Amino acid sequence: MAVNQTSRSNRVIIFALATIVVGLGLYFYLSYFQFQLPVGMHANWERLPILVLAALLGYFAARALNAALFDFVFRLRRHYEAPTLVRNIFTLLAFTILFVVTFRFVYPTYDLGALFTTSAIFGVIIGLALQDTLGNFFAGISLHADRPFQVGDVIVVGSQKHTGVVESISWRAIKIRTFQNHIVLVANSTAAKEAIEVAPRDNLNARIVTFSTVYTDSPAKTIHVVREAVRDADNVSEKITPIVRIRGLGDSSIDWEIKYWLDDYAKYNDTDALVRQRVWYTLRRSGLTFAFPTRTLYLERSAPRAVTPGNEIADRLSAVDIFAPLSNDELRQLAEATVTHVFAPGETLIRAGDEGSSMFVVHSGKVAVQVSDRAGPRKVAELTEGNFFGEMALFTGEPRTANVVAMEETEVLEIGHTAMKHLFDTNPSLAESISLTIAERQADLARGSERAAQISLRETEGLLASIKRFFGLH
């Protein structure tokens with residue numbers, strides 16, 4: 001910063017000295033010849049130094065106006081650097097006007113219009129020779145008029161994907177500094193014809209980083225730990241929370257993408273690398289595994305099912321009061337026939353009105369029981385580990401009476417019709433014991449009513465008949 005200030009001060013001093021020298025030269029020349037315009041000199045060549053010195057002063061005046069307008073008005077008030085092409089055009093126009101005024105003052109008898117008319121053919125020749133240069137010039141004017149990008153923006157230009165930070169826009173080309181610290185000059189005429197991708201420096205621009213995990217890892221856990229690891233990384237904007245989502249299910253992996261927003265897009269390479277590093281560390285800490293290309297062949301002999309260890313399932317079922325009448329051996333048989341399911345947060349386990357012939361026990365996680373009314377779904381209960389639902393569908397085949405939705409990642413145990421029928425066939429007395437347990441549970445829900453006992457008795461008789469009919473017992 002100090003070096004730039006010193007360099008600018010030196011340029012200002014040199015500019016001032018040059019202006020003073022030219023001004024003094026013009027003054028002394030006029031004084032020496034006692035020049036009195038327009039009739040004080042007798043030869044046209046004696047007027048030429050006057051024209052040259054006056055033109056130099058005009059150029060210095062145009063440069064001074066340029067600095068006053070663009071350095072102060074644009075930089076100090078609008079807080080951005082004026083494009084080089086605009087500054088050059090302003091200087092050229094200002095100098096041209098001053099030169100024409102000076103020429104008419106020094107050579108009042110000459111007609112500039114006639115001079116330009118006689119040189120029209122020469123101008124056409126010059127125009128053809130400078131066709132590409134003029135094309136770049138007018139294309140540069142068009143780019144400045146549209147203002148698709150500014151100095152400091154990151155752009156990608158053309159089919160060759162020139163990518164970098166815009167350093168300047170001249171009358172001929174766009175100067176880009178690539179992320180390998182190379183300088184690329186893209187001709188204005190080329191840029192005007194190509195697609196240009198712009199990441200404005202004052203905008204929240206997003207990036208996407210990908211990774212893969214194995215199928216046995218929990219998607220809900222992966223989303224949570226990766227999002228929390230990325231959101232506090234350097235240069236990741238705090239204004240928008242990063243998004244972690246599944247982009248595809250591959251042959252041997254779940255493919256993920258992380259979408260995050262940057263404070264400074266020009267540093268996206270370093271930030272991408274930091275995000276990947278954060279993902280590696282957080283997956284390792286959380287016991288999650290990166291996927292690599294694999295292929296496994298399974299010889300299927302029976303319908304596959306996800307089953308938790310038998311002893312753990314038996315312990316969970318033994319705590320369910322409906323299965324209290326079962327012996328240890330019967331609990332073990334039921335556990336072996338039980339299937340586990342894992343549901344994502346917000347996923348519906350069962351829907352009201354659906355047919356069913358199984359019940360569920362919450363093994364881990366939490367679910368919400370919902371009923372529908374005029375206002376929409378309404379939560380009436382929360383069930384956690386050890387709670388169960390859907391028992392009437394299992395024992396009587398009744399349709400589901402409510403929606404059950406996972407509130408977080410939830411694992412449930414499903415007990416099906418076939419498993420219970422096998423137990424009833426080997427021990428028919430279980431039907432009566434289980435019907436009594438269910439009726440007592442429903443009576444507990446109606447506790448406080450004077451007819452709770454009658455309800456329990458009536459429910460027992462009705463349930464027993466429904467269970468026998470549904471399972472074909474005699």
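From a predicted model like this one, the values you see are computed outputs, not experimental measurements. Residues take their numbers from the sequence shown, with the count starting at 1.
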Does [X], at its [atom1] atom, have more than 12 non-hydrogen atoms belonging to other residues, nucleotides or ligands within less than 6.0 Å?
{"X": "D232", "atom1": "CG", "answer": "yes"}
{"X": "D234", "atom1": "CG", "answer": "no"}
{"X": "K267", "atom1": "NZ", "answer": "no"}
{"X": "E408", "atom1": "CD", "answer": "yes"}

Using modelled atom types and a 3.5 Å cut-off, is there a donor and acceptor pairing between side-chain atoms of N403 and backbone atoms of A352?
yes
What are the two closest non-hydrogen atoms of K366 and T410, and how far apart are they?
O-OG1, 3.1 Å
Minimum heavy-atom separation for V230 to Y260, with atom names?
CG1-CB, 4.5 Å
For Y265, all residues meeting ring-ring contact (aromatic ring centres under 6.0 Å, His included), sequence neighbours excluded
Y268
In Å and rounded to the nearest 0.5 Å, what is the OG to CG distance from S253 to D217?
11.0 Å
Nearest-0.5 Å distance, CG of residue L185 to OG of residue S168:
8.0 Å
Under a 3.5 Å cutoff, is there a donor and acceptor pairing between the side chains of N235 and T271?
yes
Is R332 salt-bridged to E336, cutoff N-O under 4.0 Å?
yes
Parallel, tilted or perpendicular: ring planes of F290 versus F211, cut at 30 and 60 degrees:
perpendicular
